[in-house]
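Working notes, structure below.
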Amino acid sequence: MHGMTYVLRYVCVLLWALLCASAHAQLATLPRHSPYPGGVAIVKLSEADAPVLEVTFGGNRVLTLTLDEGLFGVVGIPLDAAPGMQQLQVNALKDGVRVVYTTAFEIKAKPKPYPTQHLRIDPRFLQLSPENQARDDRDQPLIAAAKTYWSDAPPVNFFLDLPAAGRLSARFCLRRTLNGKEGSPHAGLDVAVGAGTPLRAAAAGRVIAVDDYFYSGKSVWLDYGQGFITLYIHMSRIDVKAGDSVARGEVIGLSGASGRVTGPHLHWAVLLNGVYVDPELFLKAR
């Protein structure tokens, strides 16, 4: 009898360990929890069977993922977010009635200041002619629509591959001056590659937009589901069109120096709920 009790106890402990290992493996598929401006917060919303309909932050829908431990929000934090407690708005069903409640999470201060990069650029990108102003006015609504694009299917995974092999020449949130004047923080990751280098899809996804913008030049937007998007800009050639499905590693075009640049390179960006977040949070160890 005592032997049977021991065996049952051992089996229970083993099952618990396996469940914990499974839960840890599931959470490991998410991007690194980094609740800083420009980072990603992983926020538990409810138990897995809770009837949540929609989650928003700053007016934009938030990616949600159901794991064994419950429902989680994968929240992109804007670069200009102030440290402190923030609220997610959760729309749910209770007894067949739609209700709204909030879930709090904390944004922490950046752990260290970012360095400053001093750039000299073509003055036409600082003082826009009427023609260039009209072009940028056309671009902005198109860019806003691509940034906030939503598809209901969740991502297959969050691991991304660097689209081209090269030195990381400008990291996310680098402070910049443009011809001596303070510019906006760097909202992507620059990879130092020569013109004509093949650029590959960071993961399997769907092309939601391609265009040639005044500042960004030739650009491609890829969607992975629920507002998880990557952007490739300053290209010299685009080999895909809106609506195309692409495989991980598929060539989508060539690097170049279109738009506002100081030389050929790839500027690669990652978005969640309409805001730019640090791409390195999604990369496997290089």
Side-chain angles (χ1 to χ4, degrees), residues 31-32 34 36-40 76-80 110-126 143 146-147 158-203 210-222 229-239 248-272 275-286:
R32 294 200 303 276
S34 181
Y36 308 105
V40 177
I77 303 173
L79 273 168
D80 59 358
K110 295 175 185 176
K112 60 182 180 180
Y114 292 95
T116 298
Q117 181 183 48
H118 302 281
L119 300 174
R120 301 295 301 179
I121 63 171
D122 189 330
R124 70 188 178 94
F125 288 103
L126 297 177
I143 292 171
K147 287 175 63 177
F158 291 90
F159 290 130
L160 299 177
D161 299 326
L162 200 63
R167 177 177 58 88
L168 303 183
S169 54
R171 283 185 151 87
F172 183 81
C173 209
L174 183 75
R175 297 170 59 195
R176 297 179 300 175
T177 65
L178 306 177
N179 296 4
K181 296 183 179 180
E182 185 174 356
S184 58
H186 192 234
L189 190 64
D190 283 357
V191 185
V193 290
T197 300
L199 302 179
R200 302 180 182 276
V210 300
D211 214 324
D212 187 358
Y213 305 115
F214 176 66
Y215 286 111
S216 301
K218 292 183 173 65
S219 306
V220 173
W221 304 78
L222 293 184
I229 293 168
T230 54
L231 169 63
Y232 311 70
I233 73 174
H234 305 315
M235 299 169 68
S236 63
R237 192 182 82 194
I238 295 174
D239 293 338
R248 180 185 292 270
E250 182 176 337
V251 174
I252 60 173
L254 304 179
S255 63
S258 58
R260 187 179 72 181
V261 295
T262 57
H265 70 284
L266 166 66
H267 175 101
W268 179 54
V270 177
L271 298 99
L272 283 171
V275 301
Y276 294 107
V277 293
D278 187 352
E280 292 190 69
L281 298 174
F282 301 83
L283 294 175
K284 295 180 181 179
R286 299 182 74 227

Looking only at heavy atoms, the pair that brings Pro78 and Val275 closest together is CG-CG1, 3.9 Å
Which atom names give the shortest non-hydrogen contact between Ser219 and Ile238, and what distance separates them?
-> O-CD1, 3.5 Å
Residues two or more places apart in sequence or in another chain: which of them pass side chain to side chain contact (heavy atoms under 4.5 Å, CB included) with Asp161?
-> Arg248
For Arg32, the salt bridge (Lys or Arg N to Asp or Glu O under 4.0 Å) test, sequence neighbours excluded, returns none
Residue list, side chain to side chain donor-acceptor pair (under 3.5 Å) with Thr230, at least two apart or on another chain | Tyr224, Tyr232
Looking at CG of Leu168 and CG of Leu266, how far apart are the two atoms once the value is rounded to the nearest 0.5 Å?
-> 10.5 Å
For Ala269 and Ala187, work out which heavy atoms get closest and say how close.
-> CB-O, 3.8 Å
Polar side-chain atom of Ser258 near backbone of Lys218 as donor-acceptor pair, under 3.5 Å = yes
Which atoms form the tightest heavy-atom contact between Gly39 and Val277, and what is the distance?
-> O-CG1, 3.5 Å
Out of Val210, Ile252, Val251, which one pairs with Asp239 under the side-chain contact (heavy atoms from CB on, under 4.5 Å) rule?
-> Val251
Identify the heavy atoms of Ser34 and Ile77 that sit nearest to each other, and give their distance.
-> O-CD1, 4.3 Å
Who pairs with Phe282 by ring-ring contact (aromatic ring centres under 6.0 Å, His included), at least two apart in sequence or on another chain?
-> Phe228
Spacing of OG belonging to Ser255 relative to NE2 belonging to His267, to within rounding of 0.5 Å | 14.5 Å
In chain order, what residues pass the side chain to side chain contact (heavy atoms under 4.5 Å, CB included) check against Pro279, with sequence neighbours excluded?
-> Phe172, Leu189, Trp268, Val270
According to the interplanar angle, ranging from 0 to 90°, do the rings of His265 and His234 count as parallel (below 30°), tilted (30 to 60°) or perpendicular (above 60°)?
-> tilted
Distance (rounded to the nearest 0.5 Å) between Leu222 CG and Ile229 CD1 | 9.5 Å
Is the backbone of Tyr213 close enough, under 3.5 Å, to the side chain of Asp211 for a donor and an acceptor to pair up by distance?
-> no
Please table the atom pairs, donor to acceptor, closer than 3.5 Å between any side-chain atom in residues 193-202 and protein atoms at least two apart or in another chain.
| residue | atom | partner | partner atom | Å |
| --- | --- | --- | --- | --- |
| Thr197 | OG1 | Gly194 | O | 2.8 |
| Arg200 | NH1 | Gly249 | O | 3.1 |

Between Leu271 and Lys147, the two heavy atoms sitting closest are CD2-CG, 3.7 Å
